[in-house]
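Remember, predicted model here, so these are calculated numbers, not experimental data. For the single chain, residues carry numbers from 1 onward in sequence order.
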Amino acid sequence: MAKKETTSKHKKSSNARVLAFFLRSSALTFIFSVIAAAAMTFAEMISPQIIRVTIDNVIGGEKKISPASAFVVEKLGGIKHIANNLWIAALAVVVAAVLQVITIYVYRILNAKASERLIKTMRDDLYGHIARLPFSWHAKNQTGDIIQRCTSDIETTRRFVSEQLSSVFRILLLLIMSLAFMFPMNTALTLIAIAPMPIILAYSLVFHKNIGSGFEKCDENEGKLSAIAQENLTGVRVVRAFGREEYEREKFNSQNKYYTSLWVKLAKVMSRFWSISDIISGLQIMLVVVFGAVFCIRDGLTRGEYIAFISYNTMLVWPVRQLGRVISEMSKAGVSMNRVSYIMNSPVEEDKAGACEPALDGDIVFDNVSFAYENCPEILHNVSFEIKAGTTLGIIGGTGSGKSTLMLLLDRLYDLPEENGRITIGGVDIRDMKAEHLRSGIGMVLQEPFLFSRTIKDNIGITKEDITLSEIREAAQAACLDDTVQNFTKGYDTFVGERGVTLSGGQKQRAAIARMLTQNTPIMIFDDSLSAVDTETDAKIRRALEERFGTATIIIISHRITTLSKADKIIVLDKGKIIEQGTHDQLKSAGGIYEKIYDIQSGGIEEVGA
């Protein structure tokens with residue numbers, strides 16, 4: 001039965017909505033920083049006006065003065081009083097400068113706080129969301145690429161919001177206020193000053209697409225480079241064991257070379273972008289200086305207005321160029337937000353409405369179960385069997401026969417589509433149960449045990465917050481690990497390397513078994529988790545399980561007949577179908593695959609461990 005694509009009710013959000021969600025804890029601080037930026041802009045505009053009035057009216061004796069300037073001059077004692085006390089004008093410039101410094105400080109502090117709050121919220125939300133994504137999502141996405149999205153991409157987004165987007169408001173204020181002061185002084189010269197603006201904005205939009213596509217390629221290939229590094233660092237023992245250091249180094253160098261070439265290519269585009277911007281901005285300044293001097297000579301512009309106009313034009317050039325930068329940076333931020341939104345828009349695991357928490361100590365039934373991984377052929381074909389509560393089931397079969405898939409479905413690490421059969425525990429469909437409740441009642445030791453870079457005690461006791469050392473030792477004793485750990489210099493405080501590289505394969509498997517046993521769950525699954533231990537230790541572990549967990553339902557997947565021999569029932573899988581089932585005694589002489597395996601492993605002589 002082919003797997004039918006399930007439709008998710010998860011509603012995808014646009015980049016803007018996702019960004020607004022991230023800004024919930026920092027939006028108010030960003031607003032205050034914008035207000036501070038407005039005050040900073042106003043303070044920046046005051047000094048040229050003070051200088052203009054001083055040169056034209058106080059020193060030069062010009063009659064023309066704006067109503068606002070005239071009001072301030074009168075409050076300071078009038079033009080004659082200021083002319084006789086020029087220190088007043090100098091003090092006014094100093095006060096304006098101090099006001100500007102204060103507002104700049106407040107703006108930067110508020111902007112920095114908002115920026116850090118934003119990036120913290122993004123990290124927290126992304127990590128929390130990823131932790132709730134289904135196992136199938138993690139199987140499809142490389143760890144290195146996920147890390148890239150959670151680090152570099154959120155940093156790019158933060159930088160755009162804090163450095164670019166927030167400055168847009170200040171840029172607009174600078175433009176509006178500069179032009180408000182410039183037009184009354186000289187309309188013609190103002191039109192000359194703003195003439196290059198449409199050109200700068202137009203070519204910025206042209207470059208926007210090229211910059212965006214270039215940055216997207218760089219970002220994606222940085223993720224690939226991170227994935228290569230991550231895989232090689234975590235799999236260093238395999239690389240060393242097979243002498244593949246040179247091959248892996250060349251692989252990394254090749255990707256790094258390509259990644260570097262993409263950034264060089266993007267740098268060339270950016271260089272052309274900023275070079276054109278510099279040329280146009282330089283021409284704009286030259287035109288204002290030259291035509292301003294001409295207007296000044298022809299009495300169309302006073303000396304004070306000329307000096308003030310040049311000051312305002314300098315302020316005008318920066319925001320126009322900055323708008324171009326905002327457009328270019330928007331391309332990068334758009335790519336990064338797309339990558340971040342991909343994670344946030346990926347649907348998390350959700351229980352059905354009214355999901356229940358039934359007891360998990362009942363019979364387990366697989367009823368006509370079929371399953372296929374995404375974009376893969378069907379791996380399980382109408383599989384049906386029953387596991388009585390408190391009994392032990394053994395599963396054996398060739399590679400790819402679907403043994404582990406059965407357990408992944410039982411634990412709902414993969415969801416079984418409605419039309420592909422059902423799995424029940426105590427008569428309740430597992431799809432109707434809360435996933436957290438189901439998984440808390442199923443202890444599982446996977447084929448490849450994973451240990452964290454912590455002590456042995458921390459690794460075994462990770463399943464409980466208040467676990468005691470005696471409980472840890474009790475579980476380790478059942479897993480035949482306690483004696484081994486006691487021989488270590490630091491005992492249970494021995495620190496294991498990343499993924500447990502400092503332990504042998506058998507020690508890692510036994511540590512993983514001990515970790516599972518601390519849960520004392522009603523269902524226990526051993527997915528080929530005794531393959532790295534010797535037959536004697538295998539027998540001891542099975543005997544300890546029988547003594548301590550006799551009431552639990554135990555499922556053992558193994559290629560070793562001795563491991564399965566004491567199971568109450570054994571099923572044999574081949575190409576996703578059950579071809580044999582029964583007890584060890586029944587199957588070893590049934591003339592099927594199980595008997596062939598038994599003969600190969602025992603040489604025809606029954607040597608089943610106790």
query = Say you draw a straight line from OG1 of T151 to CE of M122; how long is it, rounded to the nearest 0.5 Å?
reply = 11.0 Å
Contacts under 3.5 angstrom, residues 21-38 side chains, donor-acceptor by atom type, not counting sequence neighbours:
from, atom 1, to, atom 2, distance (Å)
R24, NH1, F21, O, 2.7
R24, NH1, D125, OD2, 2.8
R24, NH2, D125, OD1, 3.0
R24, NH2, D125, OD2, 3.1
S25, OG, T121, OG1, 2.7
T29, OG1, R117, NH1, 2.7
S33, OG, F30, O, 2.5

request  = Determine yes or no for a side-chain-to-main-chain donor-acceptor pair under 3.5 angstrom, with S254 supplying the side chain and E250 the backbone.
outcome  = no
ask   = Taking 4.0 angstrom as the limit, do E418 and K352 come out as a salt bridge?
value = yes
Student check: side-chain heavy atoms of S14 and R17 closer than 4.5 Å = yes
ask   = Does the S336 side chain pair with the main chain of A333, one donor and one acceptor, at a distance under 3.5 Å?
value = no
Euclidean distance, E44 CD relative to S311 OG, rounded to 0.5 Å = 10.0 Å
query = Which atom names give the shortest non-hydrogen contact between F495 and S453, and what distance separates them?
reply = CZ-O, 2.9 Å
task = Evaluate side-chain contact (heavy atoms from CB on, under 4.5 Å) for Y312 paired with M45, printing each intermediate quantity in order.
result = CA-CA 8 Å; Y312 287 130; M45 293 289 166; 3.3 Å; yes
ask   = Closest heavy-atom contact between P198 and I194?
value = CD-O, 3.5 Å
inquiry  = Ring of F452, cation from R454 - is the NZ or CZ under 6.0 Å from the centre and inside 45° of the axis?
reply    = yes
message = Go through it in stages, so that I can follow the logic: the residues are F252 and N232, the test is side-chain contact (heavy atoms from CB on, under 4.5 Å), and I'd like the CA-CA distance, side-chain angles, deciding distance and then a yes or no.
response = CA-CA 9 Å; F252 180 86; N232 275 273; over 6 Å; no
query = What pair of heavy atoms forms the shortest contact from P48 to A308, and how long is it?
reply = O-CB, 3.8 Å
ask   = Considering only heavy atoms from C-beta outward, does the side chain of S115 approach that of I119 to under 4.5 Å?
value = no
ask   = When you measure from the side chain of N186 to the backbone N and O of L189, does any donor-acceptor pair fall under 3.5 Å?
value = yes
ask   = Got a donor-acceptor contact below 3.5 angstrom from the H129 side chain to the I343 backbone?
value = yes
ask   = Between Y373 and F371, is a ring-ring contact (aromatic ring centres under 6.0 Å, His included) present by the stated rule, with each step listed?
value = CA-CA 7 Å; Y373 293 104; F371 184 75; 5.1 Å; yes
message = Do C218 and L266 make a side-chain contact, defined as non-hydrogen atoms from C-beta onward lying under 4.5 Å apart?
response = yes
task = Could you tell me whether a side-chain N or O of T103 sits under 3.5 Å from a main-chain N or O of Q100, the two making a donor and an acceptor?
result = yes
ask   = Between N459 (side chain) and L451 (backbone), is there a donor-acceptor pair under 3.5 Å?
value = no
ask   = Should R439 and E349 be marked as a salt bridge (charged side-chain N to carboxylate O under 4.0 Å, His left out) after you check the CA-CA gap, both sets of side-chain angles, and the distance that decides it?
value = CA-CA 13 Å; R439 290 168 187 160; E349 287 187 317; 2.7 Å; yes
task = For Y342 and N141, run side chain to side chain donor-acceptor pair (under 3.5 Å): C-alpha distance rounded to whole Å, both residues' side-chain angles, the deciding distance at 0.1 Å, then the answer.
result = CA-CA 11 Å; Y342 166 75; N141 293 274; 3.1 Å; yes
Close side-chain approach of N221 to L225, heavy-atom, < 4.5 Å = no
message = Is any side-chain heavy atom of F135 closer than 4.5 Å to one of D411?
response = no
Separation of L126 CG from C150 SG (nearest 0.5 Å) = 4.5 Å
key: CD1 on I228 to CG on N253, rounded to 0.5 Å   = 10.0 Å
Lys/Arg-Asp/Glu bridge criterion (N-O < 4.0 Å) met for R159, E155 = yes
inquiry  = Set out, in order, the CA-CA distance, both residues' side-chain angles and the distance that settles side-chain contact (heavy atoms from CB on, under 4.5 Å) for R52 and I307, then state yes or no.
reply    = CA-CA 7 Å; R52 181 184 70 80; I307 294 172; over 6 Å; no
query = Okay, side chain of E305, backbone of T302: is any donor-acceptor separation there less than 3.5 Å?
reply = yes
ask   = Is any NZ, NE, NH1 or NH2 atom of the basic residue among D351 and R431 found under 4.0 Å from an Asp or Glu carboxylate oxygen of the other?
value = no
Return a table of donor-acceptor pairs under 3.5 angstrom between the side chains of residues 286-297 and protein atoms on other chains or two or more places apart.
none

ask   = Can you tell me how far the CE atom of M177 sits from the CE atom of M182, to the nearest 0.5 Å?
value = 13.5 Å
inquiry  = How long is the straight-line distance from CZ of F160 back to CD of E163, given to the nearest 0.5 Å?
reply    = 11.0 Å
inquiry  = Please determine whether side chain to side chain donor-acceptor pair (under 3.5 Å) holds for the pair Q284 and N313, giving the CA-CA distance in whole Å, both sets of side-chain angles, and the decisive distance to 0.1 Å.
reply    = CA-CA 9 Å; Q284 191 259 10; N313 184 65; 2.7 Å; yes
request  = Report yes or no: is the cationic atom of R244 (NZ for Lys, CZ for Arg) under 6.0 Å from the centre of the six-membered ring of Y247, at an angle within 45° of the ring normal?
outcome  = yes
request  = Give the C-alpha distance, both sets of side-chain angles, the deciding distance and a yes or no for side-chain contact (heavy atoms from CB on, under 4.5 Å) between T455 and V496.
outcome  = CA-CA 6 Å; T455 64; V496 300; over 6 Å; no
Of K224, R339, E222, the residue whose pairing with Q148 passes side chain to side chain donor-acceptor pair (under 3.5 Å) = E222
request  = May I ask you to decide if I130's main-chain N or O and H138's side chain share a donor-acceptor pair within less than 3.5 Å?
outcome  = yes
message = Is it the case that over 12 heavy atoms from other parts of the model lie below 6.0 angstrom from the NZ atom of K120?
response = no
